[in-house]
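What follows is a set of notes on a single structure, which appears directly below.
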Amino acid sequence: MANILDTHEVSKAFGALVAVNRVSLGIEAEGIHSIIGPNGAGKTTFFNLLTGFLRPTSGKIFFLGEDITGRPPHRVSALGVGRSFQITSVFPELTVRENVRIALQRSTRASYRLLGSMKTLRYLEERAEQLLDQVALGAKGGLPAKAISHGERRILDIAVAMATSPRLLLLDEPASGLAGDEISRLVRLIQDLATSTVIVLVEHNIDLVLSVSRTIAVLHQGEVIAQGPPEAIRQDARVQEAYLGGEACF
């Protein structure tokens, strides 16, 4: 199967600190793929490189075979790469629906030029409702974002990322701060989205990762130390060492 994303020897240094070191990864154009690793392994930095928020010190990044190395975030997004963040980026004072509608306006070339067009506004409203229904937040569209639960704000952040209709969706710690039923709801949503969108997770919740992932890559001190299906990662001695000094951790 062809890959949707490839990185070739990608590195990022901040002075003497090498946060990402010669990472070569291929993400297949189907399913859910995860990147895990201890704190400080370089996971979020790697996401920032993929989405144009940081420029690699060296190496190349390819999306659908096209070199996107160093392109700014809005151009990467326009090609079909969406992203959520560790800290939710929603506007708390705006309604749930307005948060999604603003994301749609940003992703629609004519949104500002035609802002006064009733046809355009009606389309944005209808599309926002569709996205909210897709993530099971339709009933709360009229509420201020600050009035919904933390778990629902995490899901709203995903809806905002979906506003660009991405081919590839990068989710950075989507389960952060969630527990119990909220995690179950998130898992169902991710699996549903993965039927039409390739998803890459950066996630600390190992049980979640093992339950949904087609492949898992493990970063340690900025380097890939293992990549493969969940069972192979579970049994990999290098992964055990990176997490808990060689003790079983999965």
Side-chain angles (χ1 to χ4, degrees), residues 44 47-48 50-54 71-194 196-197 199-203 205:
T44 295
F47 260 24
N48 286 336
L50 297 181
T51 51
F53 288 89
L54 290 174
R71 294 194 187 184
H74 70 281
R75 293 194 178 276
V76 175
S77 176
L79 290 172
V81 181
R83 181 192 178 170
S84 73
F85 294 83
Q86 278 186 323
I87 300 174
T88 60
S89 57
V90 301
F91 299 103
E93 301 298 330
L94 298 181
T95 69
V96 169
R97 185 181 302 107
E98 286 168 340
N99 270 278
V100 177
R101 191 180 65 208
I102 286 173
L104 286 166
Q105 288 174 205
R106 288 200 304 260
S107 67
T108 304
R109 293 180 184 176
S111 61
Y112 299 102
R113 179 166 51 86
L114 297 177
L115 197 56
S117 165
M118 290 302 296
K119 183 178 179 180
T120 300
L121 291 174
R122 186 161 55 249
Y123 163 76
L124 294 173
E125 285 287 337
E126 291 174 354
R127 181 60 182 144
E129 291 289 352
Q130 290 171 356
L131 284 169
L132 290 176
D133 286 342
Q134 186 177 7
V135 301
L137 284 177
K140 299 193 174 182
L143 294 177
K146 65 182 180 182
I148 62 177
S149 71
H150 172 70
E152 289 170 331
R153 287 195 295 274
R154 303 294 308 183
I155 289 173
L156 175 57
D157 208 38
I158 294 174
V160 167
M162 289 295 293
T164 59
S165 300
R167 298 277 301 274
L168 173 67
L169 178 61
L170 310 180
L171 301 179
D172 196 354
E173 300 283 1
S176 176
L178 307 189
D181 291 344
E182 289 183 324
I183 291 180
S184 298
R185 180 179 178 182
L186 177 69
V187 167
R188 290 193 298 271
L189 171 60
I190 290 172
Q191 290 173 325
D192 178 63
L193 294 176
S196 58
T197 305
I199 292 177
V200 179
L201 295 174
V202 158
E203 183 53 63
N205 186 320

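Computed from a prediction, not measured in an experiment: that's the story for all the values here.
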Gap between atom [atom2] of [Y] and atom [atom1] of [X] - 0.5 Å precision:
X: Gln105; Y: Glu98; atom1: CD; atom2: CD; answer: 10.0 Å
X: Met162; Y: Thr164; atom1: CE; atom2: OG1; answer: 8.0 Å
X: Leu193; Y: Leu171; atom1: CG; atom2: CG; answer: 8.0 Å
X: Arg71; Y: Leu79; atom1: CZ; atom2: CG; answer: 5.5 Å

Least distance between heavy atoms, [X] atom then [Y] atom:
X: Gly52; Y: Pro73; value: O-CD, 3.3 Å
X: Ala159; Y: Val100; value: CB-CG2, 4.2 Å
X: Glu203; Y: Asn205; value: OE2-N, 3.0 Å
X: Ala145; Y: Val90; value: CB-CG2, 4.3 Å
X: Val76; Y: Leu50; value: CG1-O, 3.7 Å
X: Ala161; Y: Ser84; value: CB-N, 4.1 Å

Do [X] and [Y] come within less than 4.5 Å of each other through their side chains, counting heavy atoms only?
X: Lys140; Y: Ser149; answer: no
X: Leu170; Y: Val81; answer: yes
X: Glu129; Y: Glu126; answer: no

Name each donor-acceptor pair under 3.5 Å that joins a side chain in residues 173-184 to protein atoms two or more places apart or in another chain, with its distance.
residue, atom, partner, partner atom, Å
Glu173, OE1, His204, N, 3.3
Glu173, OE2, His204, NE2, 3.2
Glu182, OE2, Gly151, N, 3.3

Residues in salt bridge (Lys or Arg N to Asp or Glu O under 4.0 Å) with Arg83, at least two apart? Asp172
Partners meeting salt bridge (Lys or Arg N to Asp or Glu O under 4.0 Å) with Arg153 (sequence neighbours left out): none
Would one find more than 12 heavy atoms of other residues, nucleotides or ligands at under 6.0 Å from atom CZ of Arg185? yes
Look at the side chain of Thr51 and the backbone N and O of Phe47, then say whether any donor-acceptor pair between them is shorter than 3.5 Å. yes
Keeping the roles fixed (side chain from Asn99, backbone from Phe91), state whether a donor-acceptor pair exists under 3.5 Å.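 Here the side-chain-to-backbone pair exists.
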I'd like to know whether Arg127 forms a side-chain contact (heavy atoms from CB on, under 4.5 Å) with Leu131, so could you lay out the CA-CA distance, the side-chain angles of the two residues, the decisive distance to 0.1 Å, and finally the verdict. CA-CA 6 Å; Arg127 181 60 182 144; Leu131 284 169; 3.6 Å; yes
Answer with yes or no whether the side chains of Gln191 and Arg188 bring together a donor and an acceptor at under 3.5 Å. no
